[in-house]
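Note on naming: letters A, B, ... go to the chains in the order of the sequence lines (proteins, then strands), and numbering restarts at 1 for each one. Every heavy atom of this structure was used, including side-chain atoms; hydrogens, water molecules and symmetry mates were not.
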Number of protein chains: 2
Amino acid sequence: MSQQVTLLLVEDDPGVYQFLLPALSAHGYRVQHARDLAQAREANGFAMVILDLGLPDGQGEQFIPHLRGFSDVPILVLSARQDELDKVHCLNLGADDYLMKPFGLQELLARIQVALRRTAIMQMRDHVYQHQSLVINRATGMVSKQGAILHLSPIEHALLMLLASKPGTIFTHSQLLAQVWGPDYIDDTHYLRIHIGRLRAKLEDQPSSPQTLLTELGIGYRLA
Amino acid sequence: MSQQVTLLLVEDDPGVYQFLLPALSAHGYRVQHARDLAQAREANGFAMVILDLGLPDGQGEQFIPHLRGFSDVPILVLSARQDELDKVHCLNLGADDYLMKPFGLQELLARIQVALRRTAIMQMRDHVYQHQSLVINRATGMVSKQGAILHLSPIEHALLMLLASKPGTIFTHSQLLAQVWGPDYIDDTHYLRIHIGRLRAKLEDQPSSPQTLLTELGIGYRLA
DNA sequence: TAAGGGTATATCAATCGCATAAACAACGAT
DNA sequence: ATCGTTGTTTATGCGATTGATATACCCTTA
């Protein structure tokens, strides 16, 4: 495992965290430890959460919607409760997994891997767009065609990154103008036309009949 | 109803699938059913897999790396085996979840939701309208028929998106005219007729007897 | 069955939106 | 300081879209 991943462990029971903290560290994770919801709410910078439901200052499940309000990081719930309704409740609130005590360390580690793997897959998917010989890497901001790196102007770059953020989705003229130029430019459609034209000159094989950067007449533009 | 999500259920035990097939259908999923690995390998077009480990023609877990060779769809494993090593093995092979028999239907449904939520398919669900071979994706603004993308004019596009925002609901003439053309046009019903006609020419198989874009005589129009 | 309100389709000209070119100013890099 | 790049403005040709007119259609009711 290359770089360290930080987990947030929300757990008040010393019997559990005195066992988990060294075990997780030994398997290459950095761990932030919160003993109650107040501490948990102040934490940040973690890649996923391991949440015990039985906390001193309130029901641990309150933390799930709170976190979901601003974050999509995976949440793995630990609980001694056997009731199916508890599981369903937590999962519906936005948790990603629910593990009943007593659990095996190997299973916990495997389920942590699953959650991290899923988000890694999602991020890979979201960050690279490919169509024909054109490759757009939104993570690095690199655009290449037939292996050769294309140099784009700032506006061309901003336009293309925006379009590549949701390939296939139609962006209206006003959306593009507001995002790239600013809210005051939403009526200057001709700017858009010119810069779309310049983009096409760089990344289309035949700029006169675009295959990748497509016009939606009267509406806007989209990537194939 | 919006677009159905298709699940692949790999299960040979009649006692299980005779219970699961109707239950999953009742909760809005389309289900492909494979009784063994050979059938499972031939399936396609599913959004996630529910995989029973005890199959007649081999260990079910063989299917996990096979599928992972070309697909990232979520895999939820069902098994009667209680051994932690089995769980860890499957999860490390690429499964996303592991549910032990006997399990509750509500928990299974919740865990299916979690998996679909993670792959963002759930988000598409409410934004996609499907009827026969016509698919309207309101998130991307794309309209396709039998897989081929339809090109719509701005007015056609606005009309259809409005109708698709509440499929089944009747939109009155004045509502449609006010939304698409503007408040000053609420009496120009003939505009509506012309553009509804043009829409039908593009998206109905037999425009003379519409199956999707329906007339409510004297009131307005609606999607089937 | 005939009348009438409401609806569908065809055709066509005017208009609108798009792509492109050219010209120019502003800016940064060498 | 000069060159090259980038952002903006203006003008023009072209094709798609639209709205108007005219005609044909269908369902309901008397």
Side-chain angles (χ1 to χ4, degrees), chain A residues 141 143 149-163 170-182 184-222, chain B residues 141 143 149-163 170-223:
Chain A
V143 180
I149 291 174
L150 295 184
H151 182 63
L152 302 181
S153 79
I155 282 194
E156 289 163 8
H157 190 262
L159 253 184
L160 189 58
M161 289 304 142
L162 186 52
L163 289 164
I170 299 172
F171 288 77
T172 65
H173 299 137
S174 51
Q175 282 176 338
L176 295 169
L177 286 161
Q179 283 289 326
V180 176
W181 279 267
D184 300 336
Y185 292 76
I186 59 170
D187 293 323
D188 297 326
T189 321
H190 53 286
Y191 287 12
L192 206 44
R193 286 200 254 281
I194 291 176
H195 290 277
I196 289 285
R198 289 180 179 168
L199 258 179
R200 290 213 255 241
K202 291 184 180 175
L203 53 84
E204 295 279 1
D205 292 321
Q206 293 181 323
S208 52
S209 60
Q211 301 291 306
T212 304
L213 181 40
L214 307 174
T215 300
E216 293 295 323
L217 227 142
I219 305 172
Y221 297 87
R222 69 179 176 89
Chain B
V143 180
I149 290 173
L150 295 184
H151 182 65
L152 303 181
S153 81
I155 283 192
E156 289 161 10
H157 188 261
L159 254 183
L160 189 58
M161 290 303 145
L162 185 52
L163 289 165
I170 301 173
F171 288 76
T172 65
H173 299 138
S174 51
Q175 282 176 338
L176 295 168
L177 285 161
Q179 283 287 327
V180 176
W181 278 267
D184 301 335
Y185 292 76
I186 59 170
D187 293 324
D188 298 322
T189 322
H190 56 286
Y191 289 7
L192 204 44
R193 287 200 248 280
I194 290 177
H195 290 277
I196 289 285
R198 288 176 179 162
L199 259 180
R200 291 213 256 241
K202 289 184 181 176
L203 53 84
E204 295 279 2
D205 292 319
Q206 293 181 322
S208 52
S209 59
Q211 302 290 306
T212 305
L213 180 39
L214 308 174
T215 300
E216 293 295 324
L217 227 142
I219 306 173
Y221 298 88
R222 68 179 176 90
L223 282 188

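- Here the closest heavy-atom approach between residue A/Leu214 and residue A/Pro210 is recorded as CD2-O, 3.4 Å.
- Spacing between atom CG of B/Leu214 and atom P of C/dT7 amounts to 14 Å, rounded to whole angstrom units.
- Residues in residues 212-222 of chain B take part in these side chain to side chain donor-acceptor pair (under 3.5 Å) pairs, two or more places apart or across chains: B/His131-B/Thr212, B/Arg200-B/Thr215, B/Glu216-B/Arg222.
- In this structure, A/Arg200 places its CZ atom 13 Å from P of C/dA21, rounding to the nearest Å.
- For C/dA8, one of the phosphate oxygens OP1 or OP2 lies less than 4.0 angstrom from a side-chain nitrogen or oxygen of B/Tyr221.
- Atoms CD1 and CG, on A/Ile194 and A/Leu199 in that order, are 13.0 Å from each other to the nearest 0.5 Å.
- Partner A/Leu160 forms a side-chain contact (heavy atoms from CB on, under 4.5 Å) with one of A/Ile196, A/Leu203, A/Ile155 and no other, that one being A/Leu203.
- For C/dT7, the OP1/OP2 oxygens have a side-chain nitrogen or oxygen of B/Arg193 closer than 4.0 Å.
- The side chain to side chain contact (heavy atoms under 4.5 Å, CB included) test applied to A/His190 returns A/Asp188, not counting sequence neighbours.
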Report task. Please test B/Lys202 against B/Glu156 for salt bridge (Lys or Arg N to Asp or Glu O under 4.0 Å), starting from the C-alpha separation and ending with a verdict. Result -> CA-CA 10 Å; B/Lys202 289 184 181 176; B/Glu156 289 161 10; 2.8 Å; yes

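- Taking OG1 of B/Thr172 as the reference point, atom CD1 of B/Ile219 lies at 9.5 Å (rounded to 0.5 Å).
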What pairs of nitrogen or oxygen atoms, one from the protein and one from nucleotides 10-18 of chain D, lie under 3.5 Å apart?
from: D/dT17; atom 1: OP1; to: B/His151; atom 2: NE2; distance (Å): 3.1
from: D/dT18; atom 1: OP1; to: B/Ile155; atom 2: N; distance (Å): 3.0
from: D/dT18; atom 1: OP2; to: B/Ser153; atom 2: OG; distance (Å): 2.4

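- For the pair B/His157 NE2 and C/dG17 C1', the computed distance is 16 Å after rounding to whole Å.
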Under 3.5 Å donor-acceptor pairs involving side-chain atoms of residues 177-184 of chain B, not counting sequence neighbours:
none

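- Going from atom CD of B/Glu216 over to atom C1' of C/dT7 covers 13 Å, rounded to whole Å.
- The interatomic distance linking A/Leu199 (CG) with D/dT6 (C1') rounds to 13 Å, in whole Å.
- Of all heavy-atom pairs between A/His195 and A/Leu159, the closest is CB-CD1, 4.0 Å.
- Using a distance-only test at 3.5 Å, with no hydrogens or angles considered, no donor-acceptor pair links the side chain of A/Gln211 to the main chain of A/Glu204.
- Within residues 204-213 of chain B, the residues having any heavy atom under 4.0 Å from DNA chain C are, by residue number, B/Pro207, B/Ser208.
- Atom-to-atom, CD1 of A/Ile196 to P of C/dC18 comes out at 11 Å; the value is rounded to the nearest Å.
- Panel note: side chain B/His173, backbone B/Gly218; no donor-acceptor pair is recorded below 3.5 Å.
- C/dG17 atom P lies 14 Å from atom CG of A/Leu177, rounded to whole Å.
- Relative to the axis of its first five pairs, the axis of the last five pairs of the helix from C/dT1-D/dA30 to C/dT30-D/dA1 sits at 30°, rounded to 10 degrees.
- Looking at heavy-atom distances under 4.0 Å, B/Thr215 makes contact with sugar-phosphate atoms alone, never a base.
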